[in-house]
There are 2 protein chains.
Amino acid sequence: MANILRADAQTNRDRILAVARTALAAEAGASVNSITKAAGVGAGTFYRHFPTREALVFEVYKQQIETLVTLGPALITELRPVEALRAWCLQVSEYARVKHSLAEALGGLAGQDFSSAHQPMLDTLRLLINAGKQTGELNASAEPEDIFVLLTCIWRLRTNDADQARSQRLLELVIRGLEV
Amino acid sequence: MANILRADAQTNRDRILAVARTALAAEAGASVNSITKAAGVGAGTFYRHFPTREALVFEVYKQQIETLVTLGPALITELRPVEALRAWCLQVSEYARVKHSLAEALGGLAGQDFSSAHQPMLDTLRLLINAGKQTGELNASAEPEDIFVLLTCIWRLRTNDADQARSQRLLELVIRGLEV
DNA sequence: ACCTGAACACCGTTCAAGT
DNA sequence: ACCTGAACACCGTTCAAGT
């Protein structure tokens, strides 16, 4: 992880990311030009550091994911598996409500970039589900990828819709479908 | 439903819709300009008939919905409620796989236009669910709107993803969550 | 009334020219 | 090496000018 970038290049990259974090949190659709302008760099500079707009979203997304991923193992030691799963899903939901770019990234089901980017989330989900299978609380037919698709839908809803009671009901329904 | 449009205006409107149906089925993101060009009308003509691009999608969507809505009551007379629900969901899924604009419209959870446009679908879903409640096969806590959100997610997946086995598993999981 | 199509304000992205 | 910013090809949408 040594610095292979020239000092000014590194500064620009950091500035772009810093601006992007707040801009995308405020509005998921924030344009590249608005970000470069706020960061005080030319458009070309942006594309020197990120091949595409999606790559920028991906980078911001990756940083936010780490927070949530570390939460999984912590919850498992404290709660029963099903409760840990529920708590983790609620945490993600809460996080997505504030960080709009996360919700956008979660919804990128089609993008090839994101399917690999989702991997840490899938691993955490798998961890939680497997714990439930071992205690016999969850049935064994559930694939983490399947459940991730449904959760993705719920998490995005939480961002757009004022009604967060619905997202909670939906989570309960999914968990009930998972219980043995 | 009398013709209040001048003859040429009516022709143009019909042509736009005809082109849009095939164009949007081929690619959900088809541009307004590409549609007007293929329909042989100016851009201004388009906006005389449809206030916005979304309104066009909405119109095409509405026509396709009717086919699916009439299916609900038919299935109920033939099958047990849960089977009818399952069959209807699969039908929608199959339809969305071909008509991409339908998948796009289904995903428009946020758009105010669409939340009212979804109404017939919601009514059909309510019909199917209520039948299941009366026979005691489905539990009473399920709101049609809630389930619609999850199904929307599954239906869109079917369009993008080659893996349709997943969409079937997800449907089963949701239905299992509904069963009493 | 209704139509056309150039034009506008955006978007993501590229590339010649600078240091 | 890295940067700038005008320019490109798009997008949805508007509007003056025509019939």
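Predicted model, so just to flag it, every value in this text is computed and none were measured. Below, read A as the first sequence line, B as the second, and so on, with proteins coming before strands; counting in each chain starts at 1.
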### Selection from D/dT14, D/dT4, C/dC2 that lies nearest to any side-chain heavy atom of B/Asp8
C/dC2
Contact list (N/O, under 3.5 angstrom) for nucleotides 10-12 of chain C vs protein:
from, atom 1, to, atom 2, distance (Å)
C/dC11, OP1, A/Ser31, OG, 3.4
C/dG12, OP2, A/Val32, N, 3.0

#### Entry: Rounded interatomic separation in angstrom, taking NZ from A/Lys37 and C1' from C/dA9
13 Å
### Message
What's A/Ala43 touching, base or sugar-phosphate or nothing? Going by heavy atoms closer than 4.0 Å.
### Response
base
#### Entry: Whole angstrom value for the distance that separates C1' of C/dC3 from CZ of B/Arg15
12 Å
### Query
Would you call A/Glu94 and A/Arg97 a salt bridge, using N to O less than 4.0 angstrom?
yes
### Query
When the distance from CZ of A/Phe50 to C1' of D/dC3 is rounded to whole Å, what number comes out?
16 Å
### Query
Under a 4.5 Å cut-off applied to non-hydrogen side-chain atoms, are A/Leu171 and A/Leu90 in contact?
yes
### Query
Please, what dot-bracket string fits DNA chain C when only Watson-Crick and G-U pairs with both distances under 3.5 Å count, crossing ones use [ ] and pairs to another strand use |?
||.|||||...|||||.||
### Task
Using a strict cut-off of less than 4.0 Å between a Lys/Arg side-chain nitrogen and an Asp/Glu carboxylate oxygen, indicate whether A/Arg21 and A/Glu59 qualify as a salt bridge.
no
#### Entry: NZ/NE/NH1/NH2 to OD/OE distance under 4.0 Å, A/Glu104 and A/Arg53
yes
### Message
D/dC2, OP1 or OP2 - any side-chain N/O from A/Arg48 closer than 4.0 Å?
### Response
yes
### Query
Is a side-chain donor or acceptor of B/Arg126 paired with a backbone partner of B/Pro144 at a separation under 3.5 angstrom?
no
### Query
Does the ring center of A/Phe58 lie less than 6.0 Å from the ring center of A/His118?
no
#### Entry: Pairs flagged by salt bridge (Lys or Arg N to Asp or Glu O under 4.0 Å) wherever residues 63-76 of chain B is involved - sequence neighbours left out
none
### Query
Between C/dC2 and B/Asn12, is there an OP1 or OP2 to side-chain N/O distance shorter than 4.0 Å?
no
#### Entry: Distance below 4.0 Å between B/His49 side-chain N/O and C/dC3 OP1 or OP2
yes
### Task
Mind calculating the distance between CZ (A/Phe46) and P (D/dC2) to the nearest angstrom?
17 Å
### Message
If hydrophobic clusters are built by linking Ile, Leu, Val, Met, Phe, Trp and Tyr wherever their side-chain heavy atoms come under 4.5 Å apart, do A/Met121 and A/Val98 end up in the same one?
### Response
no
### Query
Salt bridge or not for B/Arg86 and B/Glu83, using N-O below 4.0 Å?
yes
